[in-house]
There are 2 protein chains.
Amino acid sequence: MRKRGYSLAEQLLDTLEERGYRSTSPRRAVANVIAGQERHFTAEELREKLPEVGRATIYRSLKILVDAGVLCRVLLEDGNLHYQLSHRGHHHHLLCVECGASEDLLGCDIEDLLQSVSAAHGFQLSGHWLEVYGRCQSCLQTQVPA
Amino acid sequence: MRKRGYSLAEQLLDTLEERGYRSTSPRRAVANVIAGQERHFTAEELREKLPEVGRATIYRSLKILVDAGVLCRVLLEDGNLHYQLSHRGHHHHLLCVECGASEDLLGCDIEDLLQSVSAAHGFQLSGHWLEVYGRCQSCLQTQVPA
DNA sequence: ATATTAATGATACCTAGTCTCGAAACTAAT
DNA sequence: ATTAGTTTCGAGACTAGGTATCATTAATAT
């Protein structure tokens, strides 16, 4: 839908502008770092990479991006909250506990299953939270190489 | 397996003793409150009910009870951590967002489903976290009574 | 009874995040 | 280009929820 050379960071900023947010230099900095992020990251990590950006601004930006749907919150097994770029729509993550890789879990029947199980209990489903932890293919292969 | 009149609070303390923990008066107080708890509760709520017990002791006790498997951590939709008595084994919760009621989700195929989905992605499953939110039967019924 | 060890509470500390507020920066209208 | 009206900013105070330290106290083993 957009011209070539249109970077991810620019996309993020455009999404914000569409929602009435101004394009400011701290937000550009945040967008650039996030766009270059290969894995999920914490607010603290973002802060370390952008020491010139105020703490409140980091948290504000994260919140805005989550609300806009371009970032999603991820709960790690240790209970820590991370963020990662979200691919369109509601989904869940497969998180590698070794290298931190994550994959989106799509096209599976979890939603339907939950719906029917809830109904069986007389519950009207309103939401759910699911994270799946494990070891990814490449970590399994490099493991015990001797 | 035990004599009659054997209360839940006593069971909790026995579980601790079996694990080498001493039976102390703060722990008895904690066990009594937890045993009488009908819903999930926060560390803070426990603290309010036991102002004579030190903060550190409250948290230490909760940790021990979670490790022992008699309590489990529950993540609410608002992101807050709660605790509730766990019925044997690994399971998930249906949590009513209106009244706070919770039911264990048992005997469903979620584990199997996750196992096969993970395998399809080349992941070796090590764990997962699932909470399901909604409205329970009785809240649905009392809703809009006019 | 005594020695040993575990557990306690007070308090200091920490992490992660929110709130406040005057200053700075962005945008739109002249 | 200036200006007016907003939004956003960062510094720093503050908060919630939890952990670490440690001298004292209490529970158990001998």
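Since the model is a prediction, treat every value here as computed from it, not as a measurement. Convention: sequence-line order gives letters A, B, ...; per-chain numbering from 1.
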Engineer: Ile58(B) has an atom CD1; how far is it from atom P of dG17(D), in whole Å?
Structural biologist: 14 Å
Engineer: I'd like to know if Val117(A) and Leu130(A) are part of one continuous hydrophobic network [Ile/Leu/Val/Met/Phe/Trp/Tyr, side-chain heavy atoms within less than 4.5 Å].
Structural biologist: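 Hydrophobic grouping puts Leu130(A) with Val117(A).
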Engineer: Looking at Tyr59(B), does any N or O in its side chain come under 4.0 Å of the phosphate oxygens OP1/OP2 on dG18(D)?
Structural biologist: yes
Engineer: Indicate whether the side chain of Tyr83(B) and that of Arg73(B) have a donor and an acceptor atom separated by less than 3.5 Å.
Structural biologist: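 There is such a pair (donor and acceptor under 3.5 Å, judged by atom type) between the side chains of Tyr83(B) and Arg73(B).
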Engineer: Hey, which sits more toward the 5' end of DNA chain D by its nearest nucleotide, Arg28(B) or Asn80(B)?
Structural biologist: Asn80(B)
Engineer: Rounded to whole Å, please give me the gap between CD1 in Ile64(A) and P in dT18(C).
Structural biologist: 12 Å
Engineer: For a quick check, tell me whether the side chain of Arg47(B) and the base of dG17(D) share a donor-acceptor pair closer than 3.5 Å.
Structural biologist: no
Engineer: Send over the distance from Tyr21(A) OH to dA25(C) C1', rounded to a whole Å.
Structural biologist: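 Computing the Tyr21(A):OH to dA25(C):C1' distance gives 18 Å.
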Engineer: Could you give the CG-to-C1' distance, from Leu16(B) to dT28(D), as a whole number of Å?
Structural biologist: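 My rounded result for the distance is 16 Å.
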Engineer: Between Thr24(A) and dT8(D), is there a side-chain N or O to OP1/OP2 distance below 4.0 Å?
Structural biologist: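 Thr24(A) to dT8(D) OP1/OP2: no side-chain N or O under 4.0 Å.
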Engineer: I want to verify a distance call: between dT8(D), dA16(C), dG10(D), whose nearest atom is closest to the Ala56(A) side chain?
Structural biologist: dG10(D)
Engineer: Report the distance from atom CD of Glu17(A) to atom P of dT7(D), rounded to the nearest whole Å.
Structural biologist: 15 Å
Engineer: Let's see if you can work this out: which of dG18(D), dC9(D), dG9(C) has an atom nearest to the side-chain heavy atoms of Leu81(B)?
Structural biologist: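 Nearest to the side-chain atoms of Leu81(B), counting from C-beta on, is dG18(D).
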Engineer: Do other residues, nucleotides or ligands put more than 12 heavy atoms under 6.0 Å from the CD atom of Glu38(B)?
Structural biologist: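 Counting neighbours around CD of Glu38(B), 12 or fewer heavy atoms of other residues, nucleotides or ligands fall under 6.0 Å, so no.
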Engineer: Would you tell me if any nitrogen or oxygen in the side chain of Arg60(A) comes within less than 4.0 Å of OP1 or OP2 on dT8(D)?
Structural biologist: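 So the side-chain polar atoms of Arg60(A) never come under 4.0 Å of the phosphate oxygens OP1 or OP2 of dT8(D).
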Engineer: Side chains of Arg39(B) and Ser102(B): any donor to acceptor distance under 3.5 Å?
Structural biologist: no
Engineer: Tell me whether the OP1 or OP2 atom of dA10(C) has a side-chain N or O from Arg55(B) closer than 4.0 Å.
Structural biologist: no
Engineer: Could you tell me the separation between the CZ atom of Arg22(A) and the P atom of dA28(C), rounded to a whole number of Å?
Structural biologist: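 Roughly 8 Å, once rounded to whole Å.
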Engineer: What integer distance in Å separates Lys63(B):NZ from dA6(C):C1'?
Structural biologist: 17 Å
Engineer: For a quick test of reading the model: is some side-chain N or O of Ser23(A) closer than 4.0 Å to OP1 or OP2 of dC26(C)?
Structural biologist: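 For dC26(C), neither OP1 nor OP2 has a side-chain N or O of Ser23(A) closer than 4.0 Å.
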Engineer: Which part of the nucleic acid, if any, lies within contact of Glu52(A), taking any heavy atom under 4.0 Å across all strands shown: a base, the sugar-phosphate backbone alone, or nothing?
Structural biologist: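 Answer is sugar-phosphate: Glu52(A) comes under 4.0 Å of backbone atoms only.
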Engineer: Any link between Ile110(B) and Leu105(A) through a network of hydrophobic side chains (Ile, Leu, Val, Met, Phe, Trp, Tyr) touching at under 4.5 Å?
Structural biologist: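 Ile110(B) clusters together with Leu105(A).
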Engineer: Over how many whole Å does the gap from Arg27(A) atom CZ to dT27(C) atom P extend?
Structural biologist: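 Whole-Å distance recorded here is 10 Å.
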